[in-house]
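Notes follow the structure.
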Amino acid sequence: MIYVLADMEYEGVLIDHETLKEFSKVLETDIGKLEKTVYEKAGVRFNIASPKQLGEVLFEKLMLDPKAKKTKTGQYQTGEDVLLALAAKSDIVRDILDFRQLQKLKSTYVDALPLMVNRKTGRVHTSYNQAVAATGRLSSNNPNLQNIPIRTERGREVRKAFIPRDSGHTLVSADYSQIELRIIAEISKDANMMDAFVKNLDIHTATAANVYGISLEEVTSTQRRNAKAVNFGIIYGQSAFGLSQSLGIPRKEAADIIDNYFAQYPGIKQYMSDTMNFARENGYVCTLMGRRRYLRDINSANATVRGFAERNAINAPIQGSAADMIKIAMINIHREFKALNLDARMTMQVHDELVFDVPHHEVEIVKPIILENMKNAIKTTVPIMVEIGSGVNWLEAH
DNA sequence: TCTCTCACG
DNA sequence: ACGTACGTGAGAGAC
C-alpha cells in the first residue's frame with residue numbers, strides 16, 4: 001500500500017487557478033453583501049465569524065431564544081442545528097447561515113487550495129496517512145482532499161476546479177455503491193438484506209417496504225427517507241432518540257421504526273449483539289480481513305464512556321472492512337497498470353471512491369480493470385456494485 | 001493551544 | 001438523571 005500511496009502523492013492533482021480566482025471574487029462580493037445586511041438587521045457591527053460575538057448578538061441583544069443553550073465553556077451554542085431551528089422566524093439567522101457557508105468555502109477551499117500548489121510540479125500533492133484513523137481508513141492532509149465540497153450547489157463549483165493534467169487526458173472516477181450496507185449484509189448474513197442486494201433493489205426503498213409492511217411500489221418518499229435514515233443510523237449504533245432527532249419525528253415513532261427494522265432484519269440485530277459480546281470478552285473487534293480495533297472502554301463502569309465503545313464496536317468492522325476492500329483494490333489496480341505499462345494514474349482516494357487521470361485512448365482500457373478489481377477485491381456472497389464515469393473535471397466524472 | 005464550527009465519506 | 005451516530009482535517013477566534 002505504501003508504494004501505491006507514494007505514487008499517488010508524487011503524481012498529485014491539477015487545479016484550475018482561474019476558475020478558483022474568479023469564484024473567490026464572486027464569493028467576496030456575496031459575503032460583503034451578507035455582512036452589510038446582517039449589520040443592518042442587528043443594529044451593530046460585529047465579527048460574524050466569531051461564535052462568541054455572534055452568540056451575544058443573537059441571544060442577548062436580539063433575544064432570539066430565551067432558552068438558548070450554552071457550551072461547557074459558557075458560550076452560547078451557535079452551531080448549524082441551533083441556527084436552523086431559529087431560521088424559520090428570523091431572516092437575520094438565514095443570512096448568517098448563508099454567510100457561514102460562503103465564508104467556509106472561500107477560506108478553506110477556494111483561497112487555500114491554490115496556495116498548496118507545488119512550485120516545481122504545478123500540482124497539489126496531498127499526504128495520505130495509513131496509521132491515523134482507528135478503523136483502517138486512510139486520512140488526507142496538507143491539504144485534505146477527502147473533504148472537498150459536493151453537497152451544495154456552490155460547493156460543487158470547487159470540484160470543477162479539479163481537472164486532468166492536460167487536454168489529452170480525462171478524469172475517471174469510480175465509486176462503490178452502498179458499500180457499508182453491503183458489508184453489514186455480508187458480515188451478518190441477514191437473509192432479507194442479502195436478498196435485496198442480490199435482486200439489485202434500491203436498498204432504502206426495499207427497507208421501507210419491509211419496515212412498513214407494504215410493497216415496493218407503495219413506498220412514499222417520506223417512508224423511503226425514514227428508511228434511509230435508519231439504514232445509516234444502524235451502521236453507527238444510533239438510538240431511538242438519535243433517529244427521532246435526525247428525522248424530526250416523535251421518539252415513540254422512531255422506536256417503532258427501529259423495532260420493525262430489527263424484526264425484518266434479525267440477522268443485523270444478531271450481528272450487533274454478537275459483536276458487542278465478542279468485544280466485551282476479547283477487548284477488540286475485527287474486520288473481514290482480520291484488522292483489529294481495540295476497545296479499552298468496552299467494559300467501563302461509566303455508561304456514557306461504555307456507550308461510545310459499544311458504538312465503536314458495531315461500526316469499526318463495517319467501516320474497517322470497506323477500508324480493507326478499497327485498499328486491496330488499489331494495490332491490484334496499481335499492479336495491473338504497471339504490468340500493462342499504462343500512462344493512466346491513480347490520483348485520489350475518498351473512502352469509497354477512486355479518481356484517475358487517464359489519456360483519452362486508455363479510458364476504455366482502464367474502466368474494466370478498475371471495475372473488476374474494485375468489485376472482486378474481497379470474495380463476498382453479496383454482490384458489490386461500482387459506478388464509474390469520466391469527464392473534464394472531478395464533478396463531471398463523478 | 002483550545003474551542004467551536006463545518007467540509008467530506 | 002444522563003446522554004444519545006461512526007470516522008476524519010482545517011479555519012477562525014480566543015486566550
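Residue numbers begin at 1 in each chain, while the letters A, B, ... track the order of the sequences. This structure is a prediction, so every number in the text was calculated from the model and none was measured.
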Expressed as a whole number of angstroms, how long is the span from [X]:[atom1] to [N]:[atom2]?
{"X": "A/N129", "N": "B/dC8", "atom1": "CG", "atom2": "P", "answer": "20 Å"}
{"X": "A/F241", "N": "C/dG3", "atom1": "CZ", "atom2": "P", "answer": "11 Å"}
{"X": "A/L181", "N": "B/dG9", "atom1": "CG", "atom2": "P", "answer": "15 Å"}
{"X": "A/E157", "N": "B/dA7", "atom1": "CD", "atom2": "P", "answer": "16 Å"}
{"X": "A/I187", "N": "C/dC6", "atom1": "CD1", "atom2": "P", "answer": "18 Å"}
{"X": "A/K106", "N": "C/dA10", "atom1": "NZ", "atom2": "C1'", "answer": "16 Å"}
{"X": "A/W394", "N": "B/dG9", "atom1": "CH2", "atom2": "P", "answer": "8 Å"}
{"X": "A/Y128", "N": "C/dT8", "atom1": "OH", "atom2": "C1'", "answer": "13 Å"}

Taking OP1 and OP2 of [N], is either one under 4.0 Å from a side-chain nitrogen or oxygen of [X]?
{"X": "A/R100", "N": "B/dA7", "answer": "no"}
{"X": "A/S239", "N": "C/dG3", "answer": "no"}
{"X": "A/Q53", "N": "C/dA14", "answer": "yes"}
{"X": "A/R151", "N": "B/dC6", "answer": "no"}
{"X": "A/S246", "N": "C/dA5", "answer": "no"}
{"X": "A/N47", "N": "C/dG13", "answer": "yes"}
{"X": "A/R311", "N": "C/dC6", "answer": "yes"}
{"X": "A/T78", "N": "B/dT5", "answer": "yes"}
{"X": "A/S139", "N": "C/dG9", "answer": "yes"}
{"X": "A/N141", "N": "C/dT8", "answer": "no"}

Going by purine N1 to pyrimidine N3 plus the second Watson-Crick contact, or the G-U wobble pair, all under 3.5 Å, which nucleotide sits opposite B/dA7?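 Paired with B/dA7, as far as the under-3.5 Å criterion goes, is C/dT8.
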Among [options], which nucleotide has an atom closest to any side-chain atom of [X]?
{"X": "A/A133", "options": "C/dA12, C/dG7, B/dA7", "value": "C/dG7"}
{"X": "A/Q238", "options": "C/dA12, B/dG9, C/dA5", "value": "C/dA5"}
{"X": "A/T135", "options": "B/dA7, C/dA5, C/dG7", "value": "C/dG7"}
{"X": "A/T108", "options": "C/dG13, C/dC6, C/dG11", "value": "C/dG11"}

Using atom P in both nucleotides, what's the gap between C/dT4 and B/dT5 to the nearest angstrom?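 The same atom, P, in both gives a distance of 15 Å.
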Whole-Å P distance, C/dG3 and B/dC4: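 The same atom, P, in both gives a distance of 15 Å.
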Relative to the ring of A/F232, is the ring of A/H204 parallel (under 30°), tilted (30 to 60°) or perpendicular (over 60°)?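 If you compare the ring of A/H204 with that of A/F232, the planes turn out tilted.
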Less than 4.5 Å apart, side chain to side chain, heavy atoms only: is that true for A/E35 and A/N47?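 Result no, sub-4.5 Å side-chain heavy-atom pair not found.
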Checking all strands, does [X] fall into the base, sugar-phosphate, or nothing category for heavy-atom contacts under 4.0 angstrom?
{"X": "A/N147", "value": "base"}
{"X": "A/Q77", "value": "sugar-phosphate"}
{"X": "A/F308", "value": "sugar-phosphate"}
{"X": "A/I148", "value": "sugar-phosphate"}
{"X": "A/A322", "value": "nothing"}
{"X": "A/I150", "value": "sugar-phosphate"}

Hey, what do you get for CG (A/N144) to OG (A/S139), rounding to the nearest 0.5 Å?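 Rounded to the nearest 0.5 Å, the CG-OG separation comes to 7.5 Å.
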Sub-6.0 Å ring centroid separation between A/Y265 and A/Y261: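 Here the rings of A/Y261 and A/Y265 have centres that are less than 6.0 Å from each other.
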Ring centroids only, cut at 6.0 angstrom: are A/F356 and A/H169 within range, meaning strictly under it?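 When the ring centroids of A/F356 and A/H169 are compared, they turn out to be at least 6.0 Å apart.
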Donor-acceptor pair (no angle test) under 3.5 Å: A/E80 side chain, B/dC6 base: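 No.
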Decide yes or no, distance alone: a donor-acceptor N/O pair under 3.5 angstrom between the base of C/dG3 and the side-chain of A/R306.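 Per atom types, no contact qualifies.
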Heavy-atom closest pair, residues A/M193 and A/L181: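 Shortest heavy-atom contact: SD-O, 3.9 Å.
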Would you check if there is a donor-acceptor pair between the side chains of A/E218 and A/Y212 at a distance under 3.5 Å?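 Short answer, no.
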